[in-house]
Amino acid sequence: MVRTIDEINEKIEKDEVVVLTAKEAYDLVKEEGVKKAASKVDIVTTGTFGAMCSSGVFLNFGHTEPPLKMETITLNSVPAYGYIAAVDAYLGATARSYENPEYGGAHVIEDLLSGKRVRLEASGTGTDCYPKKDIDTKITLDQINEAIMFNPRNCYQNYAAATNSSGTRLYTYMGALLPKYGNVNYATCGMWSPLLKDPEYRTIGIGTRIFFGGSIGYVAWHGTQHNSAKPRDENNLPIGPAGTLALIGDLKSMNKRYVRGAYFEGYGVSLMMGVGIPIPVIDEDMMHQLSLGNEDIKTVIVDYSVASRSRPIVREVSYQELRSGFVEIHGKKVPTGSTSSWALAREIATIVKQMILEKRFFLSEPVEPLPKDRIVKPLEVRRR
Amino acid sequence: MSAEIVKKKLILSFSPELAELPITYHLVKDFDLVVNILRAQISPEKEGRLMLELEGEKGKLERGISYLQSNKIRVDSLEKELFHDKELCVNCGLCVGVCASRALVLDENDELKFIKEKCVMCGICVKVCPRRAFKIEL
Ligand code: SF4
Ligand code: SF4
């Protein structure tokens with residue numbers, strides 16, 4: 001059995017398409033097997049929602065009269081990067097306010113999306129074509145020209161879970177880690193996660209149309225730190241961090257429910273993003289991959305008390321065990337917490353399914369595949 | 001719809017010069033509260049302390065507390081309460097693993113359930129929540 005994207009889109013057009021969410025597909029395959037399920041189902045929808053630090057938005061503010069070349073820029077006291085022509089800036093999600101350390105770029109993005117007025121302060125040196133030297137004004141999302149979200153690294157394929165063997169509490173981007181293996185925190189949405197359902201990037205590539213923060217977006221490139229050469233297990237799945245996606249979309253058309261600022265105590269600001277990707281059932285192998293459950297998907301638990309690039313691995317664990325609320329470490333029952341919202345991941349997968357059934361979302365063929373041979377290189381600090 | 005009647009046990013701490021302020025009179029007269037003094041410790045030179053039980057309409061009680069605070073009186077509650085804001089919460093579950101009394105759990109729909117009766121007010125979830133969805137209320 002082989003199915004093309006064109007055939008599937010035709011079926012969407014004719015109201016004949018069969019779409020299931022990741023959980024529904026899992027249940028169907030359990031009942032009827034891969035072969036039968038593959039012949040019935042055209043698309044399986046996935047979703048994820050969680051902190052994705054490597055995010056931000058390109059803004060074009062428009063020109064003042066007389067014009068100003070904006071070099072230093074703050075939005076609600078959060079620094080943005082100027083130096084992109086005269087009135088373009090990039091606001092990074094993790095940039096922190098000079099006034100309130102719990103407020104940052106991600107919160108400015110959420111405020112803009114909520115329709116709030118945001119204070120823009122900018123200054124430049126003053127030149128013949130840009131004589132103005134500074135401004136202090138208020139902007140809204142509607143009023144500025146563009147707000148293009150471009151996130152260099154989202155949708156981690158898999159991620160290591162975190163624990164802490166030391167005697168003191170640690171505050172990390174994986175949340176608070178209590179002393180003496182007091183808890184374990186994990187980060188992906190398990191069987192809902194897009195890249196765990198298409199682990200070899202057979203259907204997700206450059207140009208793939210996605211659900212991005214409540215609107216339509218696209219895969220722009222492979223993400224930074226795309227570690228696609230990571231070894232795979234018997235299920236074709238990487239254990240621990242692997243592939244990533246760079247995503248692009250229009251902030252103006254997003255929904256604030258899926259774009260939320262976050263502050264991790266002792267770590268800083270991050271942006272929580274919701275992403276959904278429908279995966280076409282192009283053949284039986286794809287259906288098999290799509291039917292894997294939390295019991296089949298594994299990651300490692302690493303010890304964050306070692307502040308080094310390569311932290312020791314405590315053990316391997318399935319998402320089923322992580323999701324049960326407790327994992328066992330050295331014979332002890334340790335409670336687990338998640339940094340991602342599985343409730344929102346499921347909601348997104350369900351919405352994408354609905355959008356397809358209502359012909360508001362058609363699948364796209366990747367323009368180019370994602371590279372499969374990438375590794376992540378460390379940075380060596382050299383004296384000379 | 002009748003207003004909700006609530007009861008709160010509070011400890012008021014104030015500097016000696018405020019001892020003269022007719023607090024209880026204002027709470028009764030301006031905010032319709034029933035005031036029950038449980039314990040008082042007032043001396044001319046030291047910081048004064050009053051343990052009160054206040055009873056009245058929720059809104060009026062809150063305004064009464066603000067009145068006290070605006071008069072530089074520190075108000076501590078004997079029964080603080082943890083408030084969970086569902087609008088801010090994204091149901092991630094990061095708070096679940098740190099709650100030793102299991103007052104926070106993810107339910108079968110992957111949504112956060114706060115079991116108030118189990119909460120011991122340790123406050124760790126307040127710090128841990130990346131959405132700042134918990135508040136400790138007087
Ligand atoms: S950590 Fe905060 S946002 Fe996450 S589930 Fe708990 S209350 Fe909700
Ligand atoms: S205050 Fe402590 S006991 Fe209460 S819910 Fe939060 S973590 Fe649990």
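Numbered from 1 within each chain, the chains take letters A, B, ... in sequence-line order. The figures here come from the full heavy-atom set of this structure, side chains too, leaving out hydrogens, waters and symmetry mates.
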For the residue pair [X] and [Y], establish whether any side-chain heavy-atom pair is separated by less than 4.5 Å.
{"X": "E24(A)", "Y": "K353(A)", "result": "yes"}
{"X": "T339(A)", "Y": "Y186(A)", "result": "no"}
{"X": "V352(A)", "Y": "F211(A)", "result": "yes"}

Original post:
By a 4.5 Å heavy-atom criterion (distance strictly below it), what part of E347(A) contacts chain B: side chain, backbone, both, or neither?
Top reply: neither
Subject >> Interface moiety of S340(A) toward chain B, non-hydrogen atoms closer than 4.5 Å >> reply: backbone
Reported [atom1]-to-[atom2] distance for the pair [X] and [Y], which is rounded to 0.5 angstrom:
{"X": "I11(B)", "Y": "L50(B)", "atom1": "CD1", "atom2": "CG", "answer": "10.0 Å"}
{"X": "K9(B)", "Y": "E55(B)", "atom1": "NZ", "atom2": "CD", "answer": "12.0 Å"}
{"X": "I348(A)", "Y": "M273(A)", "atom1": "CD1", "atom2": "CE", "answer": "8.5 Å"}
{"X": "N185(A)", "Y": "T336(A)", "atom1": "CG", "atom2": "OG1", "answer": "8.0 Å"}
{"X": "R346(A)", "Y": "M191(A)", "atom1": "CZ", "atom2": "CE", "answer": "9.5 Å"}
{"X": "R96(A)", "Y": "H107(A)", "atom1": "CZ", "atom2": "NE2", "answer": "10.5 Å"}

**OP:** Please test T48(A) against S193(A) for side-chain hydrogen bond (donor to acceptor under 3.5 Å, both in side chains), starting from the C-alpha separation and ending with a verdict.
**Re:** CA-CA 5 Å; T48(A) 185; S193(A) 301; 4.7 Å; no
**OP:** Count the heavy atoms belonging to other residues, nucleotides or ligands that lie under 6.0 Å from NZ of K332(A), then report whether that count exceeds 12.
**Re:** yes
Original post:
Should we say atom NZ of K135(B) is surrounded by more than 12 heavy atoms from elsewhere, each under 6.0 Å from it?
Top reply: yes
Original post:
Residues in ring pair (Phe, Tyr, Trp, His ring centres under 6.0 Å) with Y156(A), at least two apart?
Top reply: Y159(A)
Original post:
Aromatic rings H84(B) and F134(B): how do their planes relate, parallel, tilted or perpendicular, breaks at 30° and 60°?
Top reply: tilted
Subject >> Side chain, backbone, both or neither of C89(B) within contact of chain A (heavy atoms, under 4.5 Å) >> reply: backbone
Original post:
Is it the side chain or the backbone of C129(B) that comes within 4.5 Å of chain A heavy atoms, both, or neither?
Top reply: backbone
Original post:
What residue in V98(B), L106(B), V128(B) has the most heavy-atom pairs under 4.5 Å with chain A?
Top reply: V98(B)
Original post:
Between N91(B), V90(B), I124(B), V96(B), which residue shows the highest count of heavy-atom pairs closer than 4.5 Å to chain A?
Top reply: V90(B)
Please list, in residue-number order, every residue in [range] that has a heavy atom less than 4.5 Å from any heavy atom of chain B; write 'none' if there are none.
{"range": "residues 167-181 of chain A", "answer": "R169(A), Y171(A), M174(A), G175(A), A176(A), L178(A)"}
{"range": "residues 311-331 of chain A", "answer": "R323(A), G325(A), F326(A)"}
{"range": "residues 261-270 of chain A", "answer": "G261(A), A262(A), Y263(A), F264(A), E265(A)"}

Original post:
Can you check whether Y67(B) and F31(B) have ring centres sitting under 6.0 Å from each other?
Top reply: yes
Subject >> Interface residue of largest heavy-atom contact number with chain B, from A343(A), S338(A), G337(A), P335(A), under 4.5 Å >> reply: S338(A)
Subject >> For E102(A), the option from R132(B), R131(B), K127(B) that meets salt bridge (Lys or Arg N to Asp or Glu O under 4.0 Å) >> reply: R132(B)
